[in-house]
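Computed from a predicted structure; not experimentally measured.
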Amino acid sequence: MKTHVTCSVNGDPVEFLVDDSQTLLSALRDELKLTGVKEGCGTGDCGACSVLLNGELTCSCLVFAPEVQNSQVVTVEGLADPDNLHPLQAAFLEGAALQCGICTPGFLVAAKALLDRNPTPNEKEVRYAIAGNLCRCTGYDKIVRSILDVAADLASESETVGE
Amino acid sequence: MTSTSFKHIGQRSIRPDGLDKVTGKARFGADYYLPGMLVGVVVRSPHPHATIKSIDTTAARAISGVKAVITAQDFPEISHEEAMSGESVVDFRDLSHNVMARDKVLYIGHPVAAIAATSQQAADAAAQALQVVYEIHPHVLNVDEAMASDAPILHSDLDPDGGEPTNIAKRHVFNRGDTKQGFARADVVIEREFTTKQVHQGYIEPHAVVADTGEDGRSVVWCSSQGHFLVRDQTAKVLGWERSRLKVIPAEIGGGFGGKTTIYLEPLAVLLSAKSGRPVKMVMSRDEVFMATGPGPGSRVRVKIGATSDGKITAAEVWMAFDAGAFKGSPVGAACQTVLAPYEIHDVSITGLDVVINTPKVAAYRAPGAPIGAFAAESVLDEIAEALSMDPIDLRYQNAVEEGSESTYGPTFKLIGFKETLEAIKEHPHYKATLGPNQGRGVACGFWFNAGLGSSATVSIHEDGTASVLTGSPDIGGSRASMALMAAEVLGIDETRIRPSIVDTDSIGFTDVTGGSRVTFATGMAVIEACGEIVEDLRGRAAMIWGAEPDDVEWQSGQAQHSDGSKPPLSLAEIAGSAAKTGGPIAATASLTARGVGPAFSTQVCDVEVDPDTGLVDILRYTTAQDAGRAIHPSYVEGQMQGGVVQGIGWALNEEYVYDDSGRMENPMFLDYRMPVASDLPMIDTVIVEVPNPGHPYGVRGVGEVGIVPPLAAIANAINGATDVRLRDLPMSPPRVVDALSSELNGATGTPAG
Ligand code: FES
Ligand code: FES
């Protein structure tokens, strides 16, 4: 018996059938073919599968797919709007914050979750906010700098708006 | 230090594959789905050392949805045959036996069967139902156990000294000069012993493959690897197939660090697909990656170094035993060659043992073997500097190799930038910054050969003046950006008009692995050569259009210019637009074996704070200087330097394979195999030194590997600076640090010779 799930993914209404044991990660990848969401461990330890579930940063490998009934899910595929990259995506490109790029979707989602809640984080706050995401290639330096760059842009924008 | 004579090289351009990677579009190994695709799983040994008495597949095959089951019987027996495979030697018989166990299993996780089914559930159920009867043997889990006189023997045919079989697969011996006399000239001699544990490369993407075998018996394979030609050739060898029966399409690769320069799943998927007539996808779980793919070796190492009171090294003796895992072939040979390579030492004696144990077969890991040797040698050098009250950089500088020095492993160095890296660190503000209580500073150096090997490139100019650059080198760290920049430099057009792609094994000439820090150097050389041919062609066509001689045409800034200025210049786009009238399509291919490899050196400094109560070592500040020869794309050079350092930090402080007595890895998940996360680290400062490699048109050396060589010792030396205690066993995890701090027995200090 499969469960019929209705929810919103990246703003679009979607429906799919899953086994009760299937994770949200598997539903996104294997049923919806949203393969930007990556599996690095399946145990909640690498963050490659990060999504926003009702706005909260979540490891999709730790959520059973039937649990997302009527929820809102955002994946890396939903970060950019049709004409523009999300500022974090642009900053990651500009700042060479990826090498192999397998961890990148997870970092972008985690960084968006951070900036949504705290648009002006300091370096330490950035480092703790992405501590659930593993990157084996970069040593995190350029990832942290790219996120701080976006935060600095956000800060100067809000100043300009304020004036 | 940066040359300004280039227009494109040295720019921090946006990588051509970047957009797909930040939007989730890029397809990695596990991202391929084919119609009718089956799920493949591997059945693995639960014992570290056992004889397979029988395998009964009847019950497994009876499960509904199971389409194919394969075991050892389905593989041809091949004899021992060693061949170069990228940087390392592969023995095809061992490779075949590692991919699928034959009469014996040699580690927990060793494949004994593989199953393809219509669903994961069916495949898992079949794996449970498969009956294997084992006769269990005692096992060995490290070099000490393996070399004990009563040790169980893994292979009946390993006897390097002639005589009874042993677990020592090979003995590397290198002697030069007379170390006895050398030590007699020394005023201080220090000898120490070190141990390291197995560590994993830790790429975030597990191994993944899809294979689809057609009616004609040819198979198409999608997989992420560091070399799809290697995958093709090794898979063909293991299956006894002709190479042309396989076409391997490179997926994007989610990290490799050496660990994806061999095959595991590929021949299984191809065979399952051939048997079932359906595409088969296989993806490893993380615990399979830990328990069945290559860790780097564990080791025991002794280093003895003597020096005069004014800091001249007089002699060195090194003894190293590396575990190879279940089959011979640890990187101990490379460790022997690199361990003393940064220094001019005439009298040396180096012995390396390659030892088999009941764990997964080790695989290459970034500068294979070198970090372990450097951990020992650079720790002993630090003690010598301390004993002589010398600055540790001054001691190294005084003995540093330079152009014309004869290396400890044989060749004479051409132009190298080792001393420049030492100077860069000595002059860096980091080196002079003040330290607080419980804080210490350590330095260490590292060497790596870098590799040349075979590469191919095809360059096509399109009618609108844009260009394609095709290579066979998987891009793990932004190498497509470097290819575009080098092509732009030769062609004289903007790099955004150049599209670099990595194409399958049927679409380009043979290309060795992305490894040995070789891609920007060697594949870059092929790109430069092919672009050079294109420029020759374009000059000829311009001459034809002008009715001039090719010699009258110069190529400058992407334009043909008449040497006497009598004609208005013709741009690349203009010449390409009329290609049909000047000889047809414009394309060139280069296939070469890259000579002129330039070795890499790195010097690093690290500040730590040690919590005396918990033993926690906090990395406060880290600076690395490395000779890149020429940084084609500085951001990705820095990225390689930073990534190497951080892998080294993990190795130094936390990472290790922990086995229980039954031979099972106790920590096959990221929670317990603790790799560094962002909150563990500071920024990693980089100084790119550029001493051009005379063997490359643009001076490129490889940059990928050497960065991981110094951190183990740099951190151990910094901990000593903070605590006056030397740690010689990795990892220097909190319990070990606490133990060391509380132990009275911290070895003897340097003893005057004589
Ligand atoms: S795959 Fe979900 S945290 Fe690693
Ligand atoms: S870029 Fe490779 S894991 Fe982060």
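- At distances below 3.5 Å, at least one donor-acceptor pair connects side-chain atoms of Q642(B) with backbone N or O atoms of I684(B).
- One finds a salt bridge joining E638(B) and R12(B) here, because a Lys/Arg side-chain nitrogen approaches an Asp/Glu carboxylate oxygen to under 4.0 Å.
- Each of V706(B), I708(B), V703(B) was scored for a side chain to side chain contact (heavy atoms under 4.5 Å, CB included) with S602(B), with one residue passing: V706(B).
- Using a cut-off of 4.0 Å between Lys/Arg side-chain N and Asp/Glu carboxylate O, R136(A) and E655(B) are scored as salt-bridged.
- Interface remark: S635(B) contributes backbone and side-chain atoms alike to the contact with chain A (heavy atom separation under 4.5 Å).
- One finds a salt bridge joining D680(B) and R674(B) here, because a Lys/Arg side-chain nitrogen approaches an Asp/Glu carboxylate oxygen to under 4.0 Å.
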List the steps, then state whether side-chain hydrogen bond (donor to acceptor under 3.5 Å, both in side chains) holds for Q22(A) with E31(A).
CA-CA 10 Å; Q22(A) 223 171 322; E31(A) 311 305 329; 2.8 Å; yes
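- Both the backbone and the side chain of V22(B) have a heavy atom closer than 4.5 Å to some heavy atom of chain A.
- With R286(B) contributing its side chain and I204(B) its backbone, the two residues share a donor-acceptor pair below 3.5 Å.
- Heavy-atom distances place no part of Q120(B) under 4.5 Å from chain A, backbone and side chain included.
- Between chain B and the residues G40(A), A48(A), G36(A), the largest count of heavy-atom pairs under 4.5 Å involves G40(A).
- Proximity of the aromatic rings of F670(B) and F290(B) is defined here by a centroid distance below 6.0 angstrom, and this criterion is met.
- Contacts of A30(B) with chain A are made by both backbone and side-chain atoms, with heavy-atom separations under 4.5 Å.
- Salt-bridge check for R145(A) with D141(A): passed, with a basic side-chain N closer than 4.0 Å to an acidic carboxylate O.
- Looking at I649(B), neither its backbone nor its side chain comes within 4.5 Å of chain A, counting heavy atoms on both sides.
- Panel note: side chain K281(B), backbone Y32(B); a donor-acceptor pair is recorded below 3.5 Å.
- Contact of E205(B) with chain A is made through backbone and side chain together, with heavy-atom distances under 4.5 Å.
- Heavy-atom proximity under 4.5 angstrom to chain B picks out V76(A), E77(A), L85(A), Q89(A) from residues 62-90 of chain A.
- Using a 4.0 Å cut-off between charged side-chain N and carboxylate O, D20(B) and R27(B) make no salt bridge.
- Both the backbone and the side chain of I476(B) have a heavy atom closer than 4.5 Å to some heavy atom of chain A.
- Of the atoms belonging to D19(A), it is side-chain heavy atoms, and not backbone ones, that fall under 4.5 Å from chain B.
- Put simply, the side chain of D475(B) gets close to the backbone of G477(B): a donor and an acceptor are under 3.5 Å apart.
- Contact of T43(A) with chain B is made through the side chain alone, with heavy-atom distances under 4.5 Å.
- For P682(B), the part lying under 4.5 angstrom from a heavy atom of chain A is the backbone only.
- At a heavy-atom separation below 4.5 angstrom, chain B is approached by E123(A), R127(A), Y128(A) within residues 114-129 of chain A.
- Counting only distance, with no hydrogens or angles, the side chain of S517(B) and the backbone of G704(B) share a donor-acceptor pair below 3.5 Å.
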When you look at Q99(A) and Y636(B), which way does the side-chain hydrogen bond (donor to acceptor under 3.5 Å, both in side chains) test go after all the steps?
CA-CA 8 Å; Q99(A) 284 176 31; Y636(B) 292 106; over 6 Å; no
Are Y203(B) and S224(B) close enough, and set up right, to give a side-chain hydrogen bond (donor to acceptor under 3.5 Å, both in side chains), and what steps lead you there?
CA-CA 12 Å; Y203(B) 32 81; S224(B) 69; over 6 Å; no
